[in-house]
Every structure is written in C-alpha cells, then in structure tokens.
Q: 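Encoded as structure tokens, here's the structure I'll be asking about.
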Amino acid sequence: MSGERERLAKASRIVVKVGTSTITYKNGQLNLNRLEKLVRELSDLKNSGHQVILVTSGAVGAGMARLGYSERPKDVAEKQALAAVGQGILLRIYERLFDEYGQTVAQVLLTKENSVHHNLYANSRRTLGRLLELGVVPIINENDAVSADELKIGDNDNLSAMVATLVEADLLIILSDIDGLYTANPSSDPTATLIHRVEEITPDIERIAGGAGSSLGTGGMMTKIDAAKIAMSAGVAMVIAKGEVDGVLHSVVEGEEIGTLFAPKEARLKLRKRWIAFGRRLDGAITVDDGCAEALRVHGKSLLAAGVKSVEGSFKTGATVRIIDLLGREIARGIVRYDSETIGAIAGLSSSEIAERIPDSDGQPVVHRDDMVIIA
Ligand code: ADP
C-alpha cells in the first residue's frame, strides 16, 4: 500500500459522486439494491468520523420510471420536466434509506451561478459547511429542472469537483460503472488495462478518455478527466472506482489500491485563486508568446502586453480569461485589468509605449500575478 493511498484514510471531508449508470438499471429504473448499499456505506463512513457529501445523478431516470418512459427523451424541456418529477422521488428514497441509519439529509440544488458569482459562491460554501457541522449529509444535484443551458455546469462529474473545491474536501470519490480509467475504452478495446495512478492530466490521458460513455450516463470518461483537473489543482485527491463493488467506499478510504487515483497537487490553492481558476465564467482567451509563457509558468511573473500575441472574445475589465501558449495549451487563468479591445490595441507593446498611448494605464499589466492561477 502506498503512503499516498494510506493518507486517504485521514480524509476528513469526502465528496462521493454516483453516476446514473451506477444507480439505475439499463431500462432506466432505479436500482434500489445499489442505492441501499450506497447509503449504508456512506452512513458507515460518517459513523467512523468522516464528513460526507453525496452528489447524485438519477433524477431524470427516476422521472422516466415514474412516467413510464423507456428511453431518455431528447427534448430539453421534456428532460427538465422528468428531472423535476424524479428529483423529489430520488430524494424521498435517499431520505428514507438514510433515516434507517439515523442520518439526516439535506437537498442542495446548484447551478453554475453558484460558482460564477462570488457572493453566491461564498454563500453556498457557508451553507454546505454549516450542514456538515450540523452532522447532516448534503445530497447535491444540479438544478436540472430550471437550469438554462448557459447556466448549466452540464454534468455531475464537474459538479462534484466544483463541490469538492467549494467545501475544501480532502477526497472526491467518483463511482461509475467501470473500475477506473483504462488505457483505452474497454468496451471497444479488450486489451485495455486499468491505470492505477495519474500524476498529471497529459494530452495522452485526455486522448484515451475520449470515447463516449454508456447510453444512460452522460459524461463518459472525458467529464471525469475534467473533474480530475479541477480536483487535482485544488489539492483534492480523486479516485474513480466501480460502484457495484461491495464495500467500495470503505476500500478506497482504507487505502486499498482499487480504482484510479488522481494525485492531488501538493500546494493547495488559496481560496481566491481557486475562485479565479474554477469558480468564474471564462469570457475569452489571450494567446501569449513563448517567452511570456515561460515568465508566467516558471518565474511567476505578471502577464505584460509585450507578450500578448492575440485576443479572443469580447470582454470587459475584470473578466476572467484563459491564457494560452502558441501551441494552444491553456497555461493559466486570470482576471484582466483592461478590456479586450484595449488588450488587442496594446498587444506586443512595451510598458513605455503603453504609457504613451493610454496615459491613465498606470503601468498596469494585462493580468497581475496576484490575479492569476497557473494551470499547467
Ligand atoms: P457514469 O454514469 O458513472 O458517469 P459513464 O457511463 O458516463 O459513467 O462513463 C463511464 C464509461 O466511460 C465507461 O463505462 C466506458 O464505456 C467509457 N470510457 C471511455 N473511455 C474510457 C477509458 N479510457 N477508461 C474507462 N472507461 C472509458
């Protein structure tokens, strides 16, 4: 057993995400047996001293079952209606099952808004923190019934990573219909083997996760890799494991080598930096030259106009943007001190040239190092 795995036992705050494919049968009906086991394991984790948060899919599935659908509808309004019917059913089941083990649950429905606006971010953080202090198990889902597309987080893998970041969890466990990340999609490549540990999300990892998921699940592996990026950068360990394995949560927390572990980056980002990196809407992108990329990444410098090659998108001062190198790789995210038009106009100029053109610029960089988070 590696020391890294052993440390998982010390995780005091654990977010567990279950996918649709884990808690529903192929025909869309809820798998009550699986739900019961899951709740038992979560209650046990809690009894042994961990704080737990559950992020659960399955509302649409529960709605489908109740209204006699055999296939997931394509129409968005219809899906949202099914989610509205199913969310209540799902929560009632969880509430009853958790009650059997003496646990109190709370339903928290989030949208992207909760991570984009700083006051809502702080507010959701406080509420979740208070629920945990009260010994309650928060059960979280995206507010599917009313979320408009642009407000959507889109999938519960990303939602669970956002929640883990929000509550500063130590561990995020994603339960799926597969026991981890394989070297290729095992449903199409029988020679694929399980990867036990991922240190960094390389283009190779992104490529092997590219295949589509099951018909019921929505994200496949790709969204789990996106979630891993968020979790790892925020210093949260993440494990993907198979939901149907008996005692799976216990095994992960005991440090057994099951599933795929995505190792957390050692240094935790400060809260504000985390908010910059993952909590805000991205309004555009700035491409920088190689020298500038190195200055940011290696030397922790501010982004100066001299290194800017091009600007994408139309945004105001104070927007959050991606910072991209010449190969198109995202290297950082940050808050801009000029609007997109001005950045376009001063791209490539030295500080003295900028001072001439924009007398009130005060020698401001395009993105100050304090407002920037290095991603890769
Ligand atoms: P969930 O509903 O649990 O979120 P999904 O069905 O959406 O799960 O995603 C898991 C599926 O992703 C696997 O069953 C598998 O078919 C697919 N997949 C694609 N590429 C890979 C890979 N490299 N390793 C493992 N699974 C993969």
Side-chain angles (χ1 to χ4, degrees), residues 1-8 16-28 31 33-34 37-38 41 55 57-58 61 71-72 154-158 160-161 164 171-233 236-265 327-330 375-376:
M1 205 191 294
S2 71
E4 196 175 38
R5 286 275 187 170
E6 269 172 27
R7 272 205 297 279
L8 299 184
V16 175
K17 181 255 168 180
V18 275
T20 309
S21 56
T22 304
I23 55 168
T24 53
Y25 289 108
K26 291 221 160 28
N27 63 9
N31 184 334
N33 199 18
R34 192 67 59 63
K37 272 197 198 144
L38 171 73
E41 282 198 41
V55 175
S57 308
E71 257 174 56
R72 215 179 163 90
D155 64 87
N156 276 5
D157 293 319
N158 273 286
S160 65
L171 173 62
L172 166 62
I173 304 176
I174 294 193
L175 296 178
S176 184
D177 60 349
I178 189 145
D179 45 5
L181 175 69
Y182 277 73
T183 49
N185 188 347
S187 56
S188 51
D189 183 349
T191 65
T193 53
L194 181 67
I195 301 172
H196 291 282
R197 181 177 186 277
V198 174
E199 164 95 38
E200 200 185 339
I201 307 298
T202 58
D204 237 17
I205 297 282
E206 303 216 28
R207 190 181 45 75
I208 62 181
S214 63
S215 63
L216 279 174
T218 43
M221 267 301 144
M222 204 55 225
T223 50
K224 293 176 181 52
I225 297 303
D226 286 342
K229 275 193 212 166
I230 298 175
M232 290 162 90
S233 310
V236 181
M238 176 178 130
V239 174
I240 301 178
K242 192 171 187 156
E244 71 182 54
V245 173
D246 267 346
V248 60
L249 294 180
H250 188 72
S251 302
V252 170
V253 172
E254 283 298 296
E256 280 175 37
E257 300 276 341
I258 62 165
T260 305
L261 169 70
F262 295 81
K265 295 239 166 78
L327 294 174
R329 287 179 305 209
E330 181 176 356
I375 305 263

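Given the structure is predicted, the values throughout are model-derived calculations rather than measurements.
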Q: Looking at OG of Ser160 and CE of Met238, how far apart are the two atoms once the value is rounded to the nearest 0.5 Å?
A: 7.0 Å
Q: CD1 of Ile225 to CE of Met232: how many Å apart, nearest 0.5 Å?
A: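 If I round to the nearest 0.5 Å, the distance is 8.5 Å.
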Q: Taking only distance into account, with no hydrogens and no angle test, what donor-acceptor pairs under 3.5 Å do side-chain atoms of residues 192-200 form with protein atoms, sequence neighbours excluded?
A:
from	atom 1	to	atom 2	distance (Å)
Arg197	NE	Glu4	OE1	2.6
Arg197	NH1	Glu199	OE1	2.8
Arg197	NH2	Glu4	OE1	3.3
Arg197	NH2	Glu4	OE2	2.8
Arg197	NH2	Glu199	OE1	3.2

Q: Let's go through Lys229 and Ile375 carefully: what are the C-alpha distance in whole Å and the side-chain angles of both, what is the deciding distance for side-chain contact (heavy atoms from CB on, under 4.5 Å) to 0.1 Å, and is it a yes or a no?
A: CA-CA 9 Å; Lys229 275 193 212 166; Ile375 305 263; 5.8 Å; no
Q: What is the minimum heavy-atom distance between Val248 and Gly243, and which atoms define it?
A: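 That would be CG1-O, 4.1 Å.
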Q: Regarding Glu256 and Arg5, does a basic nitrogen lie under 4.0 Å from an acidic carboxylate oxygen?
A: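 No, Glu256 and Arg5 are not salt-bridged.
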Q: Under a plain distance cut-off of 3.5 Å, with no hydrogens placed, do Asn185 and Ser187 share a side-chain donor-acceptor pair?
A: yes
Q: Would you give the length of the straight line joining atom CD1 of Ile174 to atom CG of Leu181, rounded to the nearest 0.5 angstrom?
A: 11.5 Å
Q: Is any side-chain heavy atom of Asp246 less than 4.5 Å from a side-chain heavy atom of Lys37?
A: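 With C-beta onward as the side chain, the pair touches.
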Q: Residues two or more places apart in sequence or in another chain: which of them pass side chain to side chain donor-acceptor pair (under 3.5 Å) with Ser188?
A: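 Ser188 satisfies side chain to side chain donor-acceptor pair (under 3.5 Å) with no other residue.
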Q: Say whether Thr24 and Asn31, considering side chains only, have a donor N or O and an acceptor N or O under 3.5 Å apart.
A: no
Q: Please report the closest heavy-atom contact between Ala161 and Ala227, naming both atoms and the distance.
A: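 Nearest heavy atoms, Ala161 then Ala227: CB-O, 3.5 Å.
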Q: When you compare the side chain of Leu8 with that of Val253, does any pair of heavy atoms fall below 4.5 Å?
A: no
Q: Any donor-acceptor pair under 3.5 Å linking the side chain of Glu6 with the backbone of Gly255?
A: no
Q: Can you name the nearest heavy-atom pair linking Gly180 to Thr260, along with the distance?
A: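 Closest pair (atom of Gly180, atom of Thr260, distance): CA-OG1, 3.4 Å.
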Q: So, taking the atom named CD1 in Ile178 and the one named NZ in Lys242, what distance separates them when rounded to the nearest 0.5 Å?
A: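 If we round to the nearest 0.5 Å, Ile178:CD1 and Lys242:NZ are 7.0 Å apart.
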Q: Checking side-chain contact (heavy atoms from CB on, under 4.5 Å) for the pair Leu38/Leu175: CA distance, chi angles, key distance, verdict?
A: CA-CA 10 Å; Leu38 171 73; Leu175 296 178; 3.8 Å; yes
Q: Are Asp179 and Ile258 close enough that some pair of their side-chain heavy atoms sits under 4.5 Å apart?
A: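 Not in contact.
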Q: side-chain contact (heavy atoms from CB on, under 4.5 Å) for Thr20 and Thr22? Distances and angles first, verdict last.
A: CA-CA 5 Å; Thr20 309; Thr22 304; over 6 Å; no
Q: Write down the atom of Ile240, the atom of Phe262, and the distance for their closest heavy-atom approach.
A: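 Closest approach of Ile240 to Phe262, heavy atoms only: CD1-CE1, 3.6 Å.
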Q: Of the non-hydrogen atoms in Gly58 and Ile23, which two are nearest, and what is the gap between them?
A: CA-CD1, 4.2 Å
Q: Show, in sequence, the C-alpha distance, side-chain angles and deciding distance for Lys224 and Ser176, and conclude whether the side-chain contact (heavy atoms from CB on, under 4.5 Å) test is met.
A: CA-CA 10 Å; Lys224 293 176 181 52; Ser176 184; 3.8 Å; yes
Q: Could you check if a side-chain atom of Ser251 sits within less than 4.5 angstrom of a side-chain atom of Val245, using non-hydrogen atoms only?
A: no
Q: Would you please test Asp204 and Thr202 for side chain to side chain donor-acceptor pair (under 3.5 Å) and show each step?
A: CA-CA 5 Å; Asp204 237 17; Thr202 58; 5.4 Å; no
Q: Checking Asn33 now: which residues fulfil side chain to side chain donor-acceptor pair (under 3.5 Å) with it, not counting sequence neighbours?
A: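 Here no residue qualifies.
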Q: Does a side-chain N-to-carboxylate-O contact under 4.0 Å join Asp157 and Lys17?
A: yes
